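These notes are about the structure you will find just below.
In what follows, residues are counted from 1 in the order of the sequence shown. Quick caveat, the model's predicted, so the values are computed rather than measured.
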Amino acid sequence: MILWHLGMTVLIVRYVFRDPRMDLRWVLAGSILPDLIDKPFGSILFNETFRTHRLWAHSLLFPVVGLTIVMVATRRGGDHRKQWIGLVIGLFVHLLLDGVWLSPEAFLWPLFGLDFPKVAGSDFPALLRGMLSSPLVWLGEAVGAGYLVLLWRRHLAGAGGIRGFIEDGRIALS
């Protein structure tokens with residue numbers, strides 16, 4: 001679910017942090033990164049090995065290690081730190097929106113062992129068929145798209161709106 005993650009992550013981040021200076025481009029990247037990592041590895045490249053589409057990037061360890069690296073490798077108050085923390089915030093929100101705590105073996109990996117829980121229908125064709133036929137997925141995509149359209153109409157449709165967002169990643173809070 002791409003639009004679900006993009007739209008709802010922006011909604012959550014804008015209203016929880018209320019920081020008009022936050023670079024949402026990094027948050028958006030973090031909001032889909034777990035799927036961009038785990039789905040190709042678990043469903044396409046190594047499906048025979050893992051038999052799941054939720055691997056390392058869907059564990060709590062992934063954003064925690066990411067945050068640790070950001071805090072150690074960047075300077076306090078620097079622009080790079082703010083950008084990378086935005087990415088990590090997107091990772092955490094992705095886990096929230098996926099409800100990954102419902103699968104504690106994946107969410108708390110590797111506390112329960114190094115194996116990931118197997119998921120039936122995790123090969124890419126079956127996963128894609130399941131997502132395309134699920135009313136819940138379509139509903140989530142519609143909700144995410146609806147919020148993105150609302151943002152577009154309120155903040156980005158005017159002169160310089162999308163160009164400004166592309167340049168600095170900011171959207172007004174009003």
Task: Closest non-hydrogen atom pair between Ser59 and Leu95, with its separation - done: O-CD1, 3.8 Å

Open item on the list: For the CZ atom of Arg21 and the CZ atom of Arg170, what is their distance to the nearest 0.5 Å?
Closed with: 7.5 Å

TODO: Verify, without hydrogens or angle tests, whether Arg81 (side chain) and Thr74 (backbone) share a donor-acceptor contact under 3.5 angstrom.
DONE: yes

Task: Transitive ILVMFWY side-chain link Leu11 to Val149, under 4.5 Å - done: no

- [ ] May I ask you to decide if Glu167's main-chain N or O and Arg25's side chain share a donor-acceptor pair within less than 3.5 Å?
- [x] yes

Task: Min side-chain heavy-atom separation Ile89-Met22 under 4.5 Å - done: yes

Open item on the list: Quick check on the hydrophobic clustering: are Leu28 and Ile166 connected, directly or via other members, by side-chain heavy-atom contacts under 4.5 Å?
Closed with: yes

Task: CG-CD1 distance between Asp23 and Ile85, expressed to the nearest 0.5 angstrom - done: 13.0 Å

Open item on the list: Show the nearest heavy-atom pair for residues Leu3 and Ala145, with the distance to one decimal.
Closed with: CD1-CB, 3.9 Å

Open item on the list: Quick check for you: to the nearest 0.5 Å, what is the distance between Trp4 atom CH2 and Glu141 atom CD?
Closed with: 9.5 Å

Open item on the list: Using the rule given for ring pair (Phe, Tyr, Trp, His ring centres under 6.0 Å), can you reason through Trp56 versus Phe50, listing the C-alpha separation, both sets of side-chain angles and the distance that settles it, and then say yes or no?
Closed with: CA-CA 11 Å; Trp56 314 279; Phe50 295 115; 5.4 Å; yes

- [ ] Measure across Trp84 and Val70 and return the closest heavy-atom pair with its distance rounded to 0.1 Å.
- [x] CB-CG2, 3.5 Å

TODO: Evaluate the side-chain proximity of His5 to Asp98: yes if any heavy-atom separation is below 4.5 Å, no if none is.
DONE: yes

Task: Atom pair CG (Leu151) and CG (Leu24), whose distance is rounded to the nearest 0.5 Å - done: 8.5 Å

Open item on the list: For Arg75, I'd like to know if atom CZ has over 12 heavy atoms of other residues, nucleotides or ligands within 6.0 Å.
Closed with: no

Open item on the list: Under a 3.5 Å distance rule, please check whether Trp109 uses its side chain to pair with a backbone N or O of Phe116 as donor and acceptor.
Closed with: no

- [ ] Would you check if the side chain of Asp123 reaches a backbone N or O of Ser43 as a donor-acceptor pair within less than 3.5 Å?
- [x] no

Open item on the list: For Trp138, is the CH2 atom crowded, meaning more than 12 foreign heavy atoms sit under 6.0 Å from it?
Closed with: no

Open item on the list: Check the orientation of Phe41 and Phe46. Use parallel for under 30°, tilted for 30 to 60°, and perpendicular for over 60°.
Closed with: parallel

TODO: Side-chain contact test, heavy atoms from C-beta onward, threshold under 4.5 Å: evaluate it for Ile12 versus Phe17 and give yes or no.
DONE: no

Open item on the list: Looking at every heavy atom in both Gly30 and Pro34, which two are closest together, and how far apart are they?
Closed with: O-CD, 3.3 Å

Task: Check: Arg54 and Lys39 side chains under 4.5 Å, non-hydrogen atoms - done: no

Task: Arg14/Tyr147 under side chain to side chain contact (heavy atoms under 4.5 Å, CB included): CA gap, chis, key distance, verdict - done: CA-CA 12 Å; Arg14 288 183 80 229; Tyr147 182 70; 3.0 Å; yes

Task: Under 3.5 Å: donor-acceptor pair, side chain of Ser122, backbone of Arg51 - done: yes

- [ ] Please examine the side chains of Ser31 and Val93, heavy atoms only from C-beta on, and report whether any two atoms are closer than 4.5 Å.
- [x] no

- [ ] Check the hydrophobic clustering (I, L, V, M, F, W, Y; side-chain heavy atoms under 4.5 Å; chains of links allowed) and say if Tyr15 and Val10 are grouped together.
- [x] yes

Open item on the list: Assigning hydrophobic clusters by single linkage (Ile, Leu, Val, Met, Phe, Trp, Tyr; side-chain heavy-atom cutoff under 4.5 Å), is Ile69 placed with Val72?
Closed with: no

Task: Minimum heavy-atom distance Leu60-Pro63, with the two atoms named - done: O-CD, 3.2 Å

TODO: Find the distance between CH2 (Trp26) and CG (Leu87) and round it off to the nearest 0.5 Å.
DONE: 6.5 Å

Open item on the list: Nearest 0.5 Å, please: how far is CG in Leu33 from CG in Leu91?
Closed with: 5.5 Å

Open item on the list: Please check if the number of heavy atoms outside Ile2 that lie under 6.0 Å from its CD1 is greater than 12.
Closed with: no

Open item on the list: Is there a path of hydrophobic side-chain contacts, each under 4.5 Å between heavy atoms of I/L/V/M/F/W/Y residues, joining Val119 to Leu97?
Closed with: no

Task: Note, Pro104 side chain near Phe112 side chain (heavy atom, < 4.5 Å) - done: yes

Open item on the list: I'd like to check Thr52 versus Pro117 (side-chain heavy atoms, cut-off strictly below 4.5 Å). Are they in contact?
Closed with: no

Task: Leu148 side chain reached by Leu6 side chain, heavy atoms, under 4.5 Å - done: yes

- [ ] Take His53 and His58 through the test ring pair (Phe, Tyr, Trp, His ring centres under 6.0 Å) and record every step on the way to the result.
- [x] CA-CA 9 Å; His53 59 280; His58 281 83; 7.3 Å; no

